[in-house]
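I have placed the structure first, in the form of structure tokens, so that the comments after it can refer back to it.
Values below: all heavy atoms of this structure, side chains included; hydrogens, waters and symmetry mates excluded. Letters A, B, ... mirror the listed sequences (proteins, then strands); counts begin at 1.
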There are 2 protein chains.
Amino acid sequence: METTQLLKGVLDVAVLATIRDDDGYGYDVVRRLRAAGIDEVGDASVYGTLRRLYASGALSTYVVPSDDGPHRKYYSITGEGRTQLDEQRATWRRFADTMTELLDPSPARRAGVRTIGEKK
Amino acid sequence: METTQLLKGVLDVAVLATIRDDDGYGYDVVRRLRAAGIDEVGDASVYGTLRRLYASGALSTYVVPSDDGPHRKYYSITGEGRTQLDEQRATWRRFADTMTELLDPSPARRAGVRTIGEKK
DNA sequence: CCACGCTACCGCGTGATGCGCAGTACTACG
DNA sequence: CGTAGTACTGCGCATCACGCGGTAGCGTGG
């Protein structure tokens, strides 16, 4: 994948956002992410991320047996997790803005950050 | 650094954008990136990226001796490099939009992608 | 009944990449 | 001469997404 490197550090917050409102199990989180536009995400990456987030205290988990298939390991976001989500969301926004501005410099900067012909 | 992972796959395009208009040498590219808001970038990362881009044909290079200090290895973007820059810029924009939408779902989606209470 | 296929999860090894650190070298300044 | 700033390089490490293979439950068709 060519966007594979872009996911670094972002999968965490993407997964948190995905289950922010509804608990989810791995296989389903993969589907949700793909539906959201992160098409190329590998399932192993998601399972790994869920485990990592669980280990860090951002998620809690419970297993639900299923009649039509294997059991499902649901993950639920914790208070810790919501805090992380908010922080990382803000971090992402700042970073994305910086990058976007660097890639497509807007000629008329908002809030007079610098005037047109500035040097340093 | 906490944004260290966010840089993955993005430093390439950031460096290309940095020297798109003016050739630059490593030490200076680091300063430009930091000035642009990518404060936490390590110098070794930039030097490595420049070398990688050069190896891939996106940059050409020439050495300029300097009176007041060590020599400077300038890098200049090639046609190849400009093509890469445009492609990766588009990739970034798509990715950033997807992520932003996932993190802060806009209640009124543009272009009626889905209506408010939709389920699946 | 067995082979498939889908759902669901896990572990292992790999590859890309950013980073810290150490080292080299040149200039200027006290 | 020692120190600081400029400028570049190489080495090893850590993070993290991914591919692949394996396990397992369930349903369907030959």
Side-chain angles (χ1 to χ4, degrees), chain A residues 1-16 18-19 23-34 38-56 58-59 61-75 88 95 99, chain B residues 1-16 18-19 23-34 38-56 58-59 61-75 88 91-92 95 99:
Chain A
M1 248 84 286
E2 51 168 34
T3 62
T4 214
Q5 294 298 324
L6 296 181
L7 270 183
K8 298 267 174 169
V10 169
L11 235 196
D12 270 40
V13 68
V15 166
L16 286 174
T18 300
I19 60 174
D23 295 359
Y25 54 97
Y27 201 80
D28 191 44
V29 171
V30 173
R31 276 195 293 245
R32 292 194 209 172
L33 288 173
R34 298 214 168 122
I38 314 199
D39 331 42
E40 335 76 335
V41 70
D43 62 329
S45 310
V46 174
Y47 286 115
T49 301
L50 284 168
R51 271 175 260 145
R52 206 182 325 131
L53 288 171
Y54 171 71
S56 83
L59 302 179
T61 186
Y62 52 99
V63 173
V64 175
S66 170
D67 292 339
D68 48 303
H71 69 280
R72 293 166 172 175
K73 196 176 202 168
Y74 278 84
Y75 288 92
Q88 292 188 35
F95 181 77
M99 277 303 299
Chain B
M1 251 83 279
E2 51 168 34
T3 62
T4 214
Q5 293 300 322
L6 295 181
L7 270 185
K8 298 264 176 174
V10 169
L11 235 197
D12 269 42
V13 68
V15 166
L16 286 175
T18 300
I19 60 174
D23 295 359
Y25 55 96
Y27 200 80
D28 190 45
V29 171
V30 172
R31 276 195 294 244
R32 292 194 209 171
L33 287 173
R34 297 215 169 119
I38 314 197
D39 330 43
E40 335 77 337
V41 71
D43 63 329
S45 310
V46 175
Y47 285 115
T49 302
L50 284 168
R51 271 175 260 150
R52 204 168 39 230
L53 288 171
Y54 171 71
S56 82
L59 302 179
T61 186
Y62 52 100
V63 174
V64 175
S66 170
D67 292 338
D68 47 303
H71 70 280
R72 294 167 173 175
K73 196 176 202 169
Y74 278 84
Y75 289 91
Q88 292 187 37
T91 301
W92 164 259
F95 182 76
M99 277 303 299

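Note on A:Lys8: a base of the nucleic acid sits closer than 4.0 angstrom, heavy atoms only. Residue A:Gly48 is classed as having no contact, given no heavy-atom separation below 4.0 Å to the nucleic acid.
The interatomic distance linking A:Gln5 (CD) with D:dT15 (P) rounds to 16 Å, in whole Å. Protein atom OH of B:Tyr75 is 14 Å distant from nucleotide atom P of D:dA7, rounded to whole Å. One interatomic measurement links the two molecules: OH of A:Tyr62 to P of C:dC9, which rounds to 12 Å at whole-angstrom precision. In this structure, B:Asp39 atom CG and C:dG18 atom P are separated by 17 Å, rounded to whole Å. Atoms OH (A:Tyr27) and C1' (D:dC26) sit 13 Å apart, rounded to a whole Å. Straight-line distance from the CE atom of A:Met99 to the P atom of C:dG18: 11 Å, rounded to whole Å. Regarding A:Asp12, its CG atom lies at a distance of 7 Å from the P atom of D:dA17, rounded to whole Å. In this entry the distance linking OH of B:Tyr74 with C1' of D:dT6 reads 12 Å, nearest Å.
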Exercise for the section: Encode nucleotides 21-30 of chain C as B, S and - characters from 5' to 3', where the letter depends on protein heavy atoms closer than 4.0 Å: B to the base, S only to sugar-phosphate, - to neither. Expected result: B---BBS---
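For the pair A:Val41/A:Arg34, a side-chain contact is recorded, criterion being any heavy-atom separation below 4.5 Å from C-beta on. Considering only heavy atoms from C-beta on, B:Asp23 stays 4.5 Å or farther from B:Ile19 through its side chain. In this structure, the side chains of B:Leu50 and B:Thr61 stay at 4.5 Å or more apart for every pair of heavy atoms. Looking at A:Ile38 and A:Leu7, their side chains come closer than 4.5 Å, going by heavy atoms from C-beta outward. When side chains are defined from C-beta on, B:Lys8 counts as touching B:Gln5, because their heavy atoms get closer than 4.5 Å.
A close approach under 4.0 Å does occur between a side-chain nitrogen or oxygen of A:Arg51 and OP1 or OP2 of C:dG11. Taking side-chain N and O atoms only, B:Arg52 has a distance below 4.0 Å to OP1 or OP2 of C:dG18. Regarding contacts with the backbone of C:dC19, a side-chain N or O of B:Ser45 is found under 4.0 angstrom from either OP1 or OP2. Contact annotation: B:Tyr47 side-chain N/O to D:dT9 OP1/OP2 distance is not under 4.0 Å.
Distances from the side chain of A:Arg72 to the nucleotides C:dT7, D:dA7, D:dC18 place C:dT7 closest. Distance from the side chain of A:Leu11 is smallest to D:dA17 among C:dA8, D:dA17, D:dA7.
Using cut-offs of 30° and 60° on the angle between ring planes, the pair A:Phe95 and B:Trp92 is perpendicular. Ring orientation note: the planes of B:Tyr62 and B:Tyr74 are close to parallel, at an angle under 30° on the 30°/60° scale.
Nearest-nucleotide positions on DNA chain C place A:Asp28 closer to the 5' end than the other of A:Asp28 and B:Leu7.
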